[in-house]
Amino acid sequence: MSELNLKQASRKPEGLAAGHRLCAGCGHSIVVRMILKATRGPTIATSATGCLEVATSIMPYSSWNIPWIHNAFENAAATASGIESAWQAQRKRGKGPLAKYETLDVIAFAGDGGTYDIGLQALSGALERGHDFTYVLLDNEAYMNTGIQRSGGTPFAAATTTSPAGSVIPGKKEWKKPIDDIVIAHGIPYVATLNPAWPMDVMRKSRTAFEVEGPAFLHAFIGCPRGWRYPMEKTISLSRLATQTCLFPLYECTLEEGRPVYKLSGPSAAIARRPASKKPVEEYLVSQGRFRHLFRPEKRDDLIDSIQAWVDQKWEILLEKAGV
Amino acid sequence: MSEKQTLMGMNGDESVAYATKQVNPDVVAAYPITPQTIIVEKLSEYVADGEVDYEYVAVESEHSALSNCVGASAAGARAFTATAANGLALMWEITFIASGLRLPIVMAIVNRSLGGPINIHNDHSDSMGARDSGWIQIHCENSQEVYDASITAWRMAEHPDVLLPIMVCLDGFTLSHTMENVLTLPDKVVSDFVGEREFITVKGHMGETELRLNPDVPLTFGPVDLQDYYFEHKLHQIDAMKQALKVIPEVDAEYAKISGRSYDLLHPYRMEDAEVAVLGLGSTMGTVKYTVDQLRDEGVKAGLVKMRVFRPFPSSDLVDALKDIPAVGVLDKSLSLGAPGGPLFEETMATLYHLPKKPLIANYIHGLGGRDTGPQLIRGVFESLLEIKDKGEIGDPMNYVGARP
């Protein structure tokens, strides 16, 4: 990876300017700004329909200091593949407006709805075709833009407006779709998970994603104070807790001789070395209103235990994959 | 003076592919669907044989085909795709986005009836369903027209006063799979004619730039456009359609100089003293011409108005062509279920309504699901029109020709 440090990053102009209308405490702008600090040079981005898109591009204003396009909801990967194809064709021919760029960082930003659900087909197609682009999943675990509806990325038991915590059914009945495994199964050169609580890790992984030849997939943990019902100043601490409980482990997966090679990143590697430092999921769950029904009116230890068991098992599987 | 040309035996799909090869756009993104498949097969073969250097993107759906074209075209590339029927229906969402973002994408539509029930044969239910999407639509009568339109479309779409995507429509199987003689221009003549894509200059939030995703001077494409701006942006598209009515004949005239083949928005045929006339689109117009010739030999004053450009709708030319004709029959190869008539009929009626003296106009729905419309059926349409002319009234304007009762 080419050199990237905090000093350089701080001097680099913002790719996403202030003044956008994302909620205070929203994880989107935090992560997107970090990612854009890691671009190598010429960059074009596209966003799927969603919070990030609507809050950053309200005509006649734009927060995007890079060329940016919104096409539709389910096609961020297809749009990005078109941008990349345009660049490849023009570079090969040595003519056309993009011909002069030696590198072009093509980024597709999409939320969990646009990735786990409606955009999965376009994503799979673009990964299979091997376009040289970086897909960023900004995972706030529900359709927040339309008012907190459940997606394939919503965790088990979370209350959303379409998986409400009722008197009979306690929130979402299904487990979170294993999107990273699905993506990794495509055999792409780079997959990594990002957490804004570790900014240098986010930037380093982003730079790696831009540098690899072929598709790269970044799965970012995006706290949503409004949808998850927690105070806006807690976004970073809650994000940190997600990794400390192993609910959202940080790792990279590269492809070596056709095999996926998993490597745990700093905070998750530390837990692997000192398993006692792994925090219980209850600590994470209790701090969010979307899980309030697990604690009130009566504590649902059965559900909390099953979530803990699920997290433990996923973590064990990841440790096996990482050879720990 | 026209250039030296080569006579080739090609079907309609091959004519699209050959013209597109000569244009050599930057990006071709497509998904196979009958009866468009020959186009994508040919365009892939050219790549496999090293005859072209465009990027061929074998996408996983039509939705992604057009989405890919939107990304490519916004990034400054020439982008091409082709589809039919349900493929176009799957693209529907993105057709509006492509035109709303003013992206001059060229798309061949190999017209096929839209399921269900599923049917692979020709009618116009697919492209008619996209008639409000903001795309220019050129309907071709034969493979020569397909070849020519597949070249001129780029200049029309990319014209700075237009900047709209174009559908080049050809009838499935009737044209797509039927071998015809096609005169083709030399590669160099085609590439000189289409030239390089030009861009208009705009003032963006970070300075003046060409209208494209420019890493040096960034623009924002496809922003959230609410009550305060959306309406005006739609007015811009309306204006672009009006401009296209001027630009299309200009490009056609320029093309006539190199090809010797002249095209117009509308093609009247033996209309000088016609008393009964048919208006329609596509390959059936060849059959109508044949029938008109026969009827003329028999002393019937029959005529034809072939509409080549359906979007933008050539209202003023249509008024000129039809205003003095006593009885007009509009051939529609699609339905608007629950509407007063077929799409071409309704728009013709709306166009002529304000004339102080107007023709009697009846609608003849034909050819749905690929049902053959032969000369006998067309003769029947003219006989019906003669009766309307003599009676001076229409009765029920809706006729379903070639359908069992």
Side-chain angles (χ1 to χ4, degrees), chain A residues 15 17 21 41-47 49 53-90 92-93 95-101 104-106 108 121-122 124-126 128-129 131, chain B residues 24-29 31 53-61 63-79 81 93-94 96-98 101 103 105 196-197 199 204-206 209-210 212-226 228-230 232-233:
Chain A
R21 291 115 185 258
T43 302
I44 299 179
T46 183
S47 291
T49 310
E53 170 260 328
V54 300
T56 59
S57 73
I58 303 175
M59 180 81 194
Y61 304 105
S62 174
S63 293
W64 295 93
N65 290 335
I66 55 170
W68 176 90
I69 182 169
H70 164 245
N71 187 348
F73 196 177
E74 67 283 59
N75 61 358
T79 309
S81 77
I83 296 165
E84 190 259 3
S85 304
W87 172 58
Q88 296 286 6
Q90 296 189 346
K92 185 168 61 185
R93 291 171 168 184
K95 63 175 188 182
L98 299 178
K100 65 177 178 179
Y101 302 115
L104 183 68
D105 294 340
V106 178
Q121 174 181 313
S124 178
E128 183 263 333
R129 295 190 299 272
H131 295 280
Chain B
N24 200 10
D26 297 291
V27 175
V28 172
Y31 186 81
D53 60 359
Y54 51 72
E55 284 287 310
Y56 185 90
V57 190
V59 286
E60 83 297 332
S61 73
H63 195 281
S64 283
L66 193 53
S67 298
N68 182 292
C69 287
V70 164
S73 186
R78 275 191 167 141
T81 187
E93 178 193 27
I94 312 302
F96 284 75
I97 292 169
L101 298 188
L103 300 172
I105 296 162
E196 299 294 322
R197 180 174 164 191
F199 300 93
H205 63 296
M206 298 188 75
T209 170
E210 291 178 341
R212 60 180 172 82
L213 293 166
N214 179 0
D216 299 337
V217 185
L219 281 181
T220 291
F221 271 66
V224 180
D225 201 30
L226 301 175
D228 44 358
Y229 287 95
Y230 180 91
E232 285 71 25
H233 286 141

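Just so we're on the same page: letters track the sequence lines, and every chain starts at 1.
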Approximate separation, where rounding is to 0.5 Å, of B:Met206 CE and A:Asn65 CG: 4.0 Å
N/O donor-acceptor pair under 3.5 Å between B:His205 side chain and A:Trp64 backbone: yes
Any residue meeting salt bridge (Lys or Arg N to Asp or Glu O under 4.0 Å) with B:Glu93, in chain and number order, not counting sequence neighbours: none
B:Ser67 vs A:Thr79 side-chain heavy atoms within contact, under 4.5 Å: yes
Residue among B:Leu66, B:Asp225, B:Leu219 with most heavy-atom pairs under 4.5 Å to chain A: B:Leu219
Interface residue of largest heavy-atom contact number with chain A, from B:Ala72, B:Ala77, B:Ser61, under 4.5 Å: B:Ala72
Sequence-distant partners of B:Asn24, side chain to side chain donor-acceptor pair (under 3.5 Å), two or more places apart: A:Arg93, B:Asp53
Engaged part of B:Tyr229 at the chain A interface, taking heavy atoms whose separation is under 4.5 Å: side chain
A:Pro97 side chain near B:Arg212 side chain, heavy-atom distance below 4.5 Å: yes
Under 3.5 Å donor-acceptor, A:Ser57 side chain and B:Val224 backbone: yes
Proximity breakdown for B:Tyr230 and chain A, heavy-atom pairs closer than 4.5 Å: neither
Residue among A:Pro42, A:Ser62, A:Ala55 with most heavy-atom pairs under 4.5 Å to chain B: A:Ser62
Proximal component of B:Ala65, with respect to chain A [non-hydrogen, under 4.5 Å]: neither
Which of A:Lys95, A:Glu53, A:Glu74 touches chain B most, by non-hydrogen pairs under 4.5 Å: A:Glu74
Non-hydrogen atoms of B:Asn68 and A:Ser81 that approach each other most closely: ND2-OG, 2.8 Å
Under-4.0 Å salt bridge between B:Asp26 and A:Lys92: no
pair B:Glu55-A:Glu84: side-chain heavy atoms closer than 4.5 Å: no
Most chain A-contacting option - heavy-atom pairs closer than 4.5 Å, from B:Gly204, B:Pro25, B:Ala29, B:Ala79: B:Pro25
A:Ser85 portion near chain B, given a 4.5 angstrom heavy-atom threshold: both
Top contributor to chain B contacts, counting heavy-atom pairs under 4.5 Å, from A:Ala78, A:Ala86, A:Ala122: A:Ala78
Note, B:Pro218 side chain near A:Trp68 side chain (heavy atom, < 4.5 Å): no
Test item: B:Leu213 and A:Thr46 side chains (from C-beta on) under 4.5 Å apart, heavy atoms: no
Closest non-hydrogen atom pair between B:Ala74 and A:Ile69, with its separation: CB-CD1, 3.5 Å
Gap between atom SG of B:Cys69 and atom CG of A:Asn71 - 0.5 Å precision: 10.5 Å
Whether A:Glu128 side chain and B:Glu60 backbone form a donor-acceptor pair below 3.5 Å: no
side-chain contact (heavy atoms from CB on, under 4.5 Å) assessment of A:His131 paired with B:Val57: CA-CA 10 Å; A:His131 295 280; B:Val57 190; 3.7 Å; yes
A:Ile58 versus chain B, the contacting section by heavy-atom distance below 4.5 Å: both
Distance (rounded to the nearest 0.5 Å) between B:Thr220 OG1 and A:Met59 CE: 10.0 Å
A:Tyr61, OH: over 12 other non-hydrogen atoms inside 6.0 angstrom: no
